[in-house]
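Below, each value reflects all heavy atoms present in this structure, side chains not excepted, and no hydrogens, waters or symmetry copies. From a predicted model like this one, the values you see are computed outputs, not experimental measurements.
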Amino acid sequence: MRLFLLTTLTMIAFAANSILNRLAVDSGAIDPASFAIVRVLSGAVVLVALVLMRGRRVPLRTPRRLIVAGSLALYMIGFSWGYLTLEAGLGALFLFGVVQLSIFAMAAIGGTPPLPRQLAGAAVAFAGLTWVLWPTGPVVVDYKGLFLMLLAGIGWAVYTLEGRRETDALAGTAANFCVALPLVAVAALAMPVATVITAQGLFLAVVSGAVTSGMGYALWYGLVPKYTPSLVAIIQLAVPVIALIAGIIMLGEQASLRLVLGAALVLGGIAFAVGRKRATGGKRATSA
């Protein structure tokens with residue numbers, strides 16, 4: 001039950017990132033480049049402070065740190081700028097599809113391929129997600145946006161599975177944010193920056209970085225080793241559904257039968273995939 005509650009809290013934090021991004025960027029309160037920089041900066045500051053308060057050090061120079069932080073930066077950059085040219089639902093669908101396939105592939109290479117039950121659950125969940133997120137009108141595909149989402153999905157998949165190597169989830173996440181900050185800042189130089197950034201935009205970016213990203217990612221790194229790699233991928237399919245429900249509650253968006261039935265498919269598929277985790281031994285990969 002504790003694992004379930006912590007996992008649910010983490011997925012809510014991930015979904016909140018989507019809501020905060022929409023509230024800040026779509027409203028014009030802040031541009032995507034500034035939002036990404038403030039998000040990573042505020043996350044780094046809060047996480048480093050928490051690590052130091054606990055009397056620990058931030059492991060900036062550990063092996064593979066640049067790879068892990070680089071994958072985080074790749075996700076942040078691709079996610080922030082991919083939505084500029086992609087319809088939100090299509091972008092999320094492509095992003096989570098790439099994450100699924102990337103994690104499944106890396107898990108198989110690492111010696112822990114997904115079980116048939118997990119593949120079936122993932123197929124049902126992703127079908128439900130497709131039903132919910134697929135645009136109702138004409139589909140206009142921007143290939144630059146798709147490429148950015150492809151990079152974001154691969155980056156997040158690598159970042160997620162690398163969490164299995166972290167011995168200290170909080171300190172490792174703090175180090176990742178610190179090393180990712182200059183990478184995101186350099187990438188942001190190539191993007192247009194708003195001439196006016198509002199206090200609301202800055203506040204939303206700080207909340208996204210310090211709370212739902214920083215603390216959420218640290219919590220996620222503590223949970224990832226408790227699941228097989230394939231289940232880590234499947235569980236995350238709940239995030240877009242939670243974000244849609246939050247949009248109805250917080251942004252006054254309209255609910256529909258399509259959303260209800262699609263969400264039921266997503267959650268049912270996840271439950272089916274996770275249901276026999278312990279019965280199958282719950283084996284964990286030592287690397288991915």
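A salt bridge links Glu166 and Arg65; the closest N-O separation between the charged side-chain nitrogens and carboxylate oxygens is under 4.0 Å.
Using a 4.5 Å heavy-atom cutoff, the side chains of Arg22 and Ser27 are not in contact. Side-chain atoms of Leu204 and Leu20, non-hydrogen and from C-beta on, do get closer than 4.5 Å to each other. Proximity of Val239 to Phe96: side-chain heavy atoms (C-beta onward) are separated by under 4.5 Å at one or more points. Within the 4.5 Å cutoff, no side-chain heavy atoms of Val68 are placed close to those of Arg165. Proximity of Leu261 to Leu257: side-chain heavy atoms (C-beta onward) are separated by under 4.5 Å at one or more points. Contact annotation: the side chain of Phe4 never approaches that of Leu9 to less than 4.5 Å [non-hydrogen atoms, C-beta and beyond]. For the pair Thr228 and Gln118, the minimum side-chain heavy-atom distance is below 4.5 Å. Here the side chains of Leu72 and Val179 are not in contact, with every heavy-atom distance at 4.5 Å or above.
Sorted by first and then second residue, the salt bridge (charged side-chain N to carboxylate O under 4.0 Å, His left out) pairs involving residues 171-188 (not counting sequence neighbours) form an empty list.
Hydrophobic cluster membership is shared by Leu259 and Ile249, with clusters built from Ile, Leu, Val, Met, Phe, Trp and Tyr side chains linked at under 4.5 angstrom. Hydrophobic clustering (ILVMFWY, side-chain heavy atoms < 4.5 Å, transitive): Leu223 and Met106 are in one cluster. Transitive grouping of hydrophobic side chains (ILVMFWY, heavy atoms separated by less than 4.5 Å) keeps Phe35 and Val186 in distinct clusters. Criterion: ILVMFWY side-chain heavy atoms under 4.5 Å apart, direct or through other members. Under it, Phe147 and Val158 are part of a common hydrophobic cluster.
Under the 3.5 Å distance criterion, the side-chain polar atoms of Arg39 are left unmatched by any main-chain donor or acceptor of Val206. Panel note: side chain Ser102, backbone Val99; no donor-acceptor pair is recorded below 3.5 Å. A donor-acceptor distance shorter than 3.5 angstrom exists from the side chain of Ser213 to the backbone of Ser208, with no hydrogens or angles considered. The closest donor-acceptor contact from the side chain of Gln100 to the backbone of Ala233 lies under 3.5 Å. Checked by atom type and distance alone, the side chain of Arg56 never pairs as donor or acceptor with a backbone atom of Ala171 at under 3.5 Å.
Atom-to-atom distance recorded for Leu115:CG and Leu231:CG is 8.0 Å, nearest 0.5 angstrom. Atom CG of Leu181 is separated from atom CG of Leu41 by 5.5 Å, given to the nearest 0.5 angstrom. Going from atom CZ of Phe79 over to atom OG of Ser18 covers 5.5 Å, rounded to the nearest 0.5 Å. Here Leu148 contributes atom CG and Phe94 contributes atom CZ; the two are 10.5 Å apart, rounded to the nearest 0.5 Å. Between Thr212 atom OG1 and Leu219 atom CG the span is 12.5 Å, to the nearest 0.5 Å. Taken to the nearest 0.5 Å, the CG atom of Leu3 stands 9.0 Å off from the CG atom of Leu5.
Residues Tyr217 and Phe14 place their aromatic rings such that the two centres sit under 6.0 Å apart. Proximity of the aromatic rings of Tyr221 and Tyr159 is defined here by a centroid distance below 6.0 angstrom, and this criterion is met.
Neither side chain, Thr173 nor Asn176, offers a donor N or O lying under 3.5 Å from an acceptor on the other. Remark: the Thr7 side chain and the Tyr227 side chain contain an N/O donor-acceptor pair separated by less than 3.5 Å.
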Worksheet item: Would Met76 and Phe177 satisfy side chain to side chain contact (heavy atoms under 4.5 Å, CB included), going step by step from the backbone distance to the final call?
Response: CA-CA 11 Å; Met76 293 281 193; Phe177 270 69; 4.3 Å; yes
Worksheet entry | Intermediate values then yes/no, side chain to side chain contact (heavy atoms under 4.5 Å, CB included), Ile270 and Val266 | CA-CA 6 Å; Ile270 294 172; Val266 173; 4.0 Å; yes
Worksheet item: Could you go step by step and tell me if Gln200 and Ile30 meet the side chain to side chain contact (heavy atoms under 4.5 Å, CB included) rule?
Response: CA-CA 8 Å; Gln200 178 188 1; Ile30 191 172; over 6 Å; no
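Ring-plane geometry between Tyr75 and Trp156 is classed as tilted, the angle between the planes lying from 30 to 60 degrees on a 0 to 90 degree scale.
With side-chain heavy atoms closer than 4.5 Å counting as contact, directly or through intermediates, Leu267 stands alone and belongs to no larger hydrophobic cluster.
Heavy-atom minimum distance, Ala180 versus Val40: C-CG1, 4.4 Å.
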